[in-house]
**Student:** 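Handing you a structure now.
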Amino acid sequence: MPFMPMKFDLPKRVKLAQGLWMLYWFSVMVGILIFSLGIFFKIELRKRSEMMDNNESHLVPNLLIVVGMLACGINAFGGKVCHDSLDPMKFAKWKPMLKSYLLMCCGFNALLLLTALLCFLMQFAVYLTLAEGLKNGIKFYKDTDTPGRCFMKRTLDMTQIEFRCCGNNNYRDWFEVQWISNRYLDMSNDEVKDRVLSNVEQKFLMDSVPFSCCNPGSPRPCIQHHLTNNSAHYDYDHRTEELNIWIRGCREALFSYYSGMMNSIGVLVIATIILESVDMAGLKYLSTALETMADPENPECESEGWLLEKGVKETFSDLLSKMKMLVKTNQVDEGGEAQEAAT
């Protein structure tokens, strides 16, 4: 007995074909959106590649681009089939391809599911890459004359300004590195010399942050130097007063940006899986309704459509038996080849 059978007359078949045609072309638009988001995500990763130590993974955006192109092609084909379904002569040329097309749609849905899972699972890799990249970025901030790091200062400053963040975990990360190049330090100055010599690694460390950490919304002029020295500023206590620099770390800010993007794309891909499943179900009903017409020359006659020719249990049993037969056939072929090789 067929699974989920439905009766169809001519008006129902026409409405189903028209509705599916519109749904397939809507799916094409969704495919274009996924493709565009893949391009956008890839650009955003490239734009801040230095913040990830040039180790960012482009697997997810590349998959989105491929999936978007496949969605456009597959759904455009489905739309054409639905458009021609009401003309018996035109539908006859598509009929032999429908089984293969529906199997291809199942494979495409599996690829969509993999893409959605990667959108959620790859966020941890992004977090680790950002942590390492920002740590090195702060370390190389001063190396404006070193090939390959010339634009690190500009990139990190623009990131801190755009994302309203400071440092890797927080602003105190700047206290642990020398972020001013030696070429801009007056080594004849006793204070500078003492600070360098007092450090085991001969680094000029200070409780200061770059200008890009300043919060322009603060009513007080930016205090970016001697942040932990209360006596260096009037009416100031770094332990109780809200500092007029960004408190949030850039790792948290950037991860929030990328994870939000990946979560949104993942939800869109899951919605696309549901949409593709509805398209497949509708096309199966339409094709079976056209195949079971009692009198194909009389378009007014009734017909029956279904999702599966047999019940769910019988369909899976047939599928398993076919797979077992296929495995046995392969084993027999391999055994025959081995005997021929031995002789």
Side-chain angles (χ1 to χ4, degrees), residues 40-41 43-56 122-144 146 149-182 184-185 195 199 203-264:
F40 175 73
F41 190 19
I43 290 170
E44 287 298 297
L45 287 173
R46 290 279 188 197
K47 194 189 295 184
R48 298 177 184 88
S49 184
E50 285 183 290
M51 297 295 96
M52 301 183 191
D53 217 16
N54 296 311
N55 286 326
E56 75 280 5
M122 288 296 287
Q123 292 180 30
F124 183 65
V126 172
Y127 181 83
L128 294 178
T129 309
L130 281 170
E132 188 64 25
L134 285 166
K135 181 182 175 182
N136 291 332
I138 291 172
K139 189 192 301 180
F140 301 140
Y141 180 85
K142 67 181 187 303
D143 298 339
T144 50
T146 306
R149 301 173 188 168
C150 303
F151 299 103
M152 181 60 76
K153 177 184 179 299
R154 180 183 180 278
T155 304
L156 197 45
D157 280 334
M158 293 303 295
T159 300
Q160 292 190 145
I161 291 169
E162 182 181 353
F163 287 90
R164 301 184 174 188
C165 59
C166 185
N168 185 357
N169 298 306
N170 53 56
Y171 67 94
R172 289 183 176 273
D173 292 326
W174 290 104
F175 300 174
E176 300 170 6
V177 296
Q178 179 182 332
W179 54 272
I180 298 178
S181 176
N182 285 335
Y184 302 115
L185 294 176
R195 189 179 288 269
N199 184 265
K203 290 181 178 179
F204 183 75
L205 304 181
M206 52 184 180
D207 55 345
S208 304
V209 296
F211 77 97
S212 53
C213 284
C214 294
N215 178 1
S218 173
R220 181 170 187 163
C222 185
I223 297 175
Q224 66 180 104
H225 298 295
H226 308 294
L227 287 170
T228 57
N229 186 358
N230 294 334
S231 60
H233 311 284
Y234 174 73
D235 191 20
Y236 175 77
D237 186 349
H238 76 277
R239 291 167 300 185
T240 57
E241 186 175 342
E242 185 178 346
L243 301 177
N244 54 4
I245 58 172
W246 302 118
I247 307 299
R248 191 186 194 191
C250 288
R251 175 171 55 179
E252 181 189 345
L254 283 168
F255 178 69
S256 176
Y257 174 69
Y258 283 117
S259 63
M261 189 189 304
M262 294 172 81
N263 284 332
S264 300

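One-based numbering along the sequence shown.
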**Student:** Measure across E50 and F151 and return the closest heavy-atom pair with its distance rounded to 0.1 Å.
**Tutor:** OE1-O, 4.0 Å

**Student:** Taking ring-ring contact (aromatic ring centres under 6.0 Å, His included) as the definition, give me every residue that meets it alongside F40, ordered by chain and number, with sequence neighbours left out.
**Tutor:**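 Residues passing ring-ring contact (aromatic ring centres under 6.0 Å, His included) with F40: none at all.
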
**Student:** For C150, enumerate each residue passing the disulfide bond (SG atoms under 2.5 Å apart) test, keeping only those at least two apart in sequence or located in another chain.
**Tutor:**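 If we apply the disulfide bond (SG atoms under 2.5 Å apart) test to C150, skipping adjacent residues, there are no hits.
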
**Student:** Are a donor atom and an acceptor atom from the side chains of Q123 and N263 found within less than 3.5 Å of each other?
**Tutor:** yes

**Student:** Return the set of residues passing ring-ring contact (aromatic ring centres under 6.0 Å, His included) with H226 (not counting sequence neighbours), or none when no residue passes.
**Tutor:**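 By the ring-ring contact (aromatic ring centres under 6.0 Å, His included) rule, H226 matches no residue at all.
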
**Student:** Mind listing the closest non-hydrogen atom pair of P221 and N244 along with its distance?
**Tutor:** O-ND2, 2.8 Å

**Student:** Given the rule in the side-chain hydrogen bond (donor to acceptor under 3.5 Å, both in side chains) test, do Y257 and E44 qualify, once you have shown the distances and angles that lead to the verdict?
**Tutor:** CA-CA 10 Å; Y257 174 69; E44 287 298 297; 2.7 Å; yes

**Student:** Suppose we screen for salt bridge (charged side-chain N to carboxylate O under 4.0 Å, His left out). Which residues come up paired with R248, at least two apart in sequence or across chains?
**Tutor:**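 Scan of R248 (salt bridge (charged side-chain N to carboxylate O under 4.0 Å, His left out), adjacent residues dropped) gives E252.
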
**Student:** For residues N55 and T129, is any side-chain donor paired with an opposing acceptor at under 3.5 Å?
**Tutor:** no

**Student:** Not counting sequence neighbours, which residues clear ring-ring contact (aromatic ring centres under 6.0 Å, His included) with F255? List them please.
**Tutor:** Y127

**Student:** Taking all non-hydrogen atoms of both residues into account, name the closest pair between E56 and L45 and its distance.
**Tutor:**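 Shortest heavy-atom separation between E56 and L45 comes out as OE2-O, 4.0 Å.
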
**Student:** What residues form a side chain to side chain donor-acceptor pair (under 3.5 Å) with H225, not counting sequence neighbours?
**Tutor:** S208

**Student:** Considering only heavy atoms from C-beta outward, does the side chain of I245 approach that of C222 to under 4.5 Å?
**Tutor:**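 Yes, side chains in contact.
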
**Student:** Can you list the steps and then say if E176 with R172 is a side chain to side chain contact (heavy atoms under 4.5 Å, CB included)?
**Tutor:** CA-CA 7 Å; E176 300 170 6; R172 289 183 176 273; 5.5 Å; no

**Student:** Please tell me if the side chains of M152 and M51 come closer than 4.5 Å, counting only heavy atoms from C-beta onward.
**Tutor:** yes

**Student:** So, taking the atom named SG in C213 and the one named CD1 in I247, what distance separates them when rounded to the nearest 0.5 Å?
**Tutor:** 9.5 Å

**Student:** Kindly write out the residues that satisfy ring-ring contact (aromatic ring centres under 6.0 Å, His included) with F175, not counting sequence neighbours, or none if the list is empty.
**Tutor:** Y171

**Student:** Would you say D173's side chain and N170's backbone share a donor-acceptor pair under 3.5 angstrom?
**Tutor:** yes

**Student:** How close do W246 and P216 get, heavy atom to heavy atom, and via which atoms?
**Tutor:**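 W246 and P216 have their closest heavy atoms at CZ2-CD, 3.6 Å.
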
**Student:** So does F204 get a backbone contact from the side chain of Q178, meaning a donor-acceptor N/O pair under 3.5 Å?
**Tutor:** yes

**Student:** Would you give the length of the straight line joining atom CG of L156 to atom NZ of K153, rounded to the nearest 0.5 angstrom?
**Tutor:** 9.5 Å

**Student:** Are V126 and L254 side-chain neighbours, meaning at least one heavy-atom pair lies under 4.5 Å?
**Tutor:**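 Heavy-atom side-chain distance check fails, nothing below 4.5 Å.
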
**Student:** List the residues meeting side-chain contact (heavy atoms from CB on, under 4.5 Å) with I180, not counting sequence neighbours, and say none if there are none.
**Tutor:**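 I180 satisfies side-chain contact (heavy atoms from CB on, under 4.5 Å) with Y184, L185, M206 only.
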
**Student:** Can you list every side chain to side chain donor-acceptor pair (under 3.5 Å) pair that touches residues 135-144, not counting sequence neighbours?
**Tutor:** D53-N136, Y141-D157, D143-R149

**Student:** Show me, pair by pair, the donor-acceptor contacts under 3.5 angstrom made by side chains of residues 159-167, not counting sequence neighbours?
**Tutor:**
from : atom 1 : to   : atom 2 : distance (Å)
T159 : OG1    : T155 : O      : 2.7
Q160 : OE1    : G167 : N      : 3.0
Q160 : OE1    : W174 : NE1    : 3.3
Q160 : NE2    : S212 : OG     : 2.6
E162 : OE1    : R48  : NH2    : 3.2
E162 : OE2    : R48  : NH2    : 3.1

**Student:** So, the side chain of Q224 versus the backbone of V209: is there a donor-acceptor pair under 3.5 Å, distance only?
**Tutor:**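 Present.
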
**Student:** Can you list the residues that meet the side chain to side chain donor-acceptor pair (under 3.5 Å) rule with N229, with sequence neighbours excluded?
**Tutor:**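 Testing N229 for side chain to side chain donor-acceptor pair (under 3.5 Å), a comparison that skips the adjacent residues, returns S231.
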
**Student:** Is there a donor-acceptor contact under 3.5 Å from the side chain of S256 to the main chain of A253?
**Tutor:**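 Here the side-chain-to-backbone pair does not exist.
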
